[in-house]
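Okay, structure first, notes after.
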Amino acid sequence: MTDIPQQPDNAADSGQRRGIKSFVLRQGHMTAAQQRAIDENWPQFGLDFQAAPVDLNAAFGRDNPKVLEIGFGMGTATAEIAQRLPEKDFLAIDVHGPGVGNLLKLIAENQITNIRVMRHDAVEVVESMLGESSLDGIHIFFPDPWHKKRHNKRRLIQAPFVAKLLPKLKSGGYIHLATDWQEYAEQMLEVLSSFAELQNTAADYAPTPSYRPETKFEARGKRLGHGVWDLVFEKR
């Protein structure tokens with residue numbers, strides 16, 4: 001069985017590490033098919049964490065635009081985006097085993113070659129593995145909104161995290177965020193607008209780019225009357 005690192009429950013709350021983390025660790029049931037996909041496909045499509053910069057061109061076997069996706073859930077949208085944009089390479093990061101297994105299953109079933117999967121805290125990956133100006137794009141879709149006001153400080157999209165991302169993004173590269181929580185969308189807009197290096201591609205919220213498919217999560221939210229907000233900012 002392939003050994004994929006598991007993040008301990010208290011890793012980011014121990015007081016011995018920085019407060020930003022890209023995930024909330026949830027328990028999930030790993031199906032036999034998901035585990036088999038990990039066992040069979042991790043050597044080719046998985047990327048292990050290392051505390052040193054990674055050569056993304058070597059990892060993908062080609063020198064094409066690189067896009068970081070943080071928090072891919074079950075990976076369905078990630079797989080579809082990669083197929084819609086075959087000229088780009090996607091480094092997809094999440095910590096939840098079932099989602100990792102499901103994305104690897106989709107990669108194998110659809111013969112997708114332009115995704116590499118990591119199971120690790122994306123903040124550590126950004127800090128340790130990604131070189132300056134190594135990314136052409138960053139996708140963060142439907143991060144946990146932490147909707148209770150006392151939990152707002154746990155949200156991923158805050159100025160300290162964006163400040164970590166920006167040096168990794170090339171000039172002309174973009175950050176694409178999406179949320180179905182209006183108050184979080186307003187916070188995202190405020191945070192991104194506070195950086196002089198970033199320019200909004202829209203007056204406020206952007207039309208959903210054609211490459212981003214509607215997820216089941218998003219469709220369910222719309223049925224419940226939720227709006228969906230996309231933000232696309234470019235680095236000057």
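Worth saying up front: this structure is predicted, and the values here are computed from it rather than measured. Quick note: numbers below take in every heavy atom, side chains included, and nothing from hydrogens, waters or symmetry partners.
With sequence neighbours excluded, the residues that form a salt bridge (charged side-chain N to carboxylate O under 4.0 Å, His left out) with E218 are R212, K222. For D63, the side-chain contact (heavy atoms from CB on, under 4.5 Å) criterion is met by N57, not counting sequence neighbours. Partners of A202 by side-chain contact (heavy atoms from CB on, under 4.5 Å), not counting sequence neighbours, listed by chain and number: N200, A206. For the side-chain contact (heavy atoms from CB on, under 4.5 Å) test, residues two or more places apart in sequence or in another chain that qualify with Q158 are R155, P160, Q187. Scanning for ring-ring contact (aromatic ring centres under 6.0 Å, His included) contacts around F142 gives F217, with sequence neighbours left out. With sequence neighbours left out, E234 forms a side-chain contact (heavy atoms from CB on, under 4.5 Å) with Y174, T201.
Taken to the nearest 0.5 Å, the CD atom of E127 stands 8.0 Å off from the CG atom of D121. Note: H120 NE2 to D48 CG = 10.5 Å, rounded to the nearest 0.5 Å. Atom-to-atom distance recorded for T31:OG1 and N102:CG is 7.5 Å, nearest 0.5 angstrom. For the atom pair CE (M74) and NZ (K105), the distance works out to 9.5 Å, reported to the nearest 0.5 Å. Distance check: F45 CZ to L103 CG gives 10.5 Å after rounding to the nearest 0.5 Å. With values rounded to the nearest 0.5 angstrom, W42 atom CH2 is found 8.5 Å from R119 atom CZ.
Here the side chains of D230 and Y205 are not in contact, with every heavy-atom distance at 4.5 Å or above. Contact of the P213 side chain with the I81 side chain is registered, since non-hydrogen atoms from C-beta on lie closer than 4.5 Å. Side chains of L91 and V117 form no contact here, defined as non-hydrogen atoms less than 4.5 Å apart. Counting heavy atoms from C-beta on, the side chains of L106 and T78 never come closer than 4.5 Å. With contacts defined as side-chain heavy-atom distances shorter than 4.5 Å, the pair M188/T179 qualifies. Inter-residue side-chain proximity for I70 and V125 is flagged as unmet; no heavy-atom pair is nearer than 4.5 Å. Considering only heavy atoms from C-beta on, I138 comes within 4.5 Å of L169 through its side chain. In this structure the side chain of K235 reaches within 4.5 angstrom of the side chain of L198, judged on heavy atoms.
Between Y184 and P143, the closest heavy-atom pair is CE2-CG, 3.8 Å. Across every non-hydrogen atom of I38 and G97, the tightest pair is CD1-O, 4.1 Å. Listed here is the closest heavy atom pair of S128 and Q50: CB-O, 4.1 Å. Closest approach of A77 to T215, counting heavy atoms only: CB-CG2, 3.8 Å. The two residues A92 and I115 have their closest heavy-atom pair at CB-CG2, 4.3 Å. F141 and L177 make their closest contact through CD2-C, 4.5 Å (heavy atoms, listed as atom of the first residue, atom of the second, distance).
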Start with the C-alpha distance between V126 and L165, add both sets of side-chain angles, then the distance that settles side-chain contact (heavy atoms from CB on, under 4.5 Å), and finish with yes or no. CA-CA 7 Å; V126 169; L165 290 174; 3.8 Å; yes

Could you go through M118 and M129, starting from their C-alpha distance and side-chain angles, then the distance that decides it, and tell me whether this counts as side-chain contact (heavy atoms from CB on, under 4.5 Å)? CA-CA 11 Å; M118 291 193 68; M129 289 185 66; 3.5 Å; yes

Assess whether side-chain contact (heavy atoms from CB on, under 4.5 Å) is satisfied between D89 and L56, documenting all intermediate values. CA-CA 9 Å; D89 293 328; L56 291 176; over 6 Å; no

E183 and N152: side-chain contact (heavy atoms from CB on, under 4.5 Å), yes or no, with the steps? CA-CA 10 Å; E183 192 269 333; N152 284 178; 4.2 Å; yes

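Environment of CD in E186: crowded, with over 12 heavy atoms of neighbouring residues, nucleotides or ligands closer than 6.0 Å. Within 6.0 Å of CD on E132 lie no more than 12 heavy atoms contributed by other residues, nucleotides or ligands. In the displayed structure, E87 atom CD is contacted under 6.0 Å by more than 12 heavy atoms of other residues, nucleotides or ligands. K148 NZ: 12 or fewer foreign heavy atoms inside a 6.0 Å radius.
For the pair R116 and F60, the cation-pi criterion (under 6.0 Å, within 45° of the ring axis) is fulfilled.
When atom types are taken as modelled, the side chain of Q44 and the backbone of N41 share no donor-acceptor pair closer than 3.5 angstrom. The closest donor-acceptor contact from the side chain of K66 to the backbone of N64 lies under 3.5 Å. Although no hydrogens or angles enter the test, the distance criterion places a donor-acceptor pair under 3.5 Å between the side chain of D94 and the main chain of G73. The backbone N or O of L130 lies less than 3.5 Å from no partner atom in the side chain of S134, so there is not a single donor-acceptor pair. Judged by distance alone, with hydrogens and angles left aside, the side-chain atoms of Q83 form a donor-acceptor pair with the main-chain N or O of A79 at under 3.5 Å. In terms of modelled atom types and a separation under 3.5 Å, the side chain of N114 and the main chain of A82 share a donor-acceptor contact.
The aromatic rings of H139 and F90 are tilted relative to each other, their planes meeting at an angle between 30° and 60°.
Here the two rings, on H176 and F233, have centers that are 6.0 Å apart or farther.
Between the side chains of W229 and D204, no donor-acceptor pair of N or O atoms lies under 3.5 Å.
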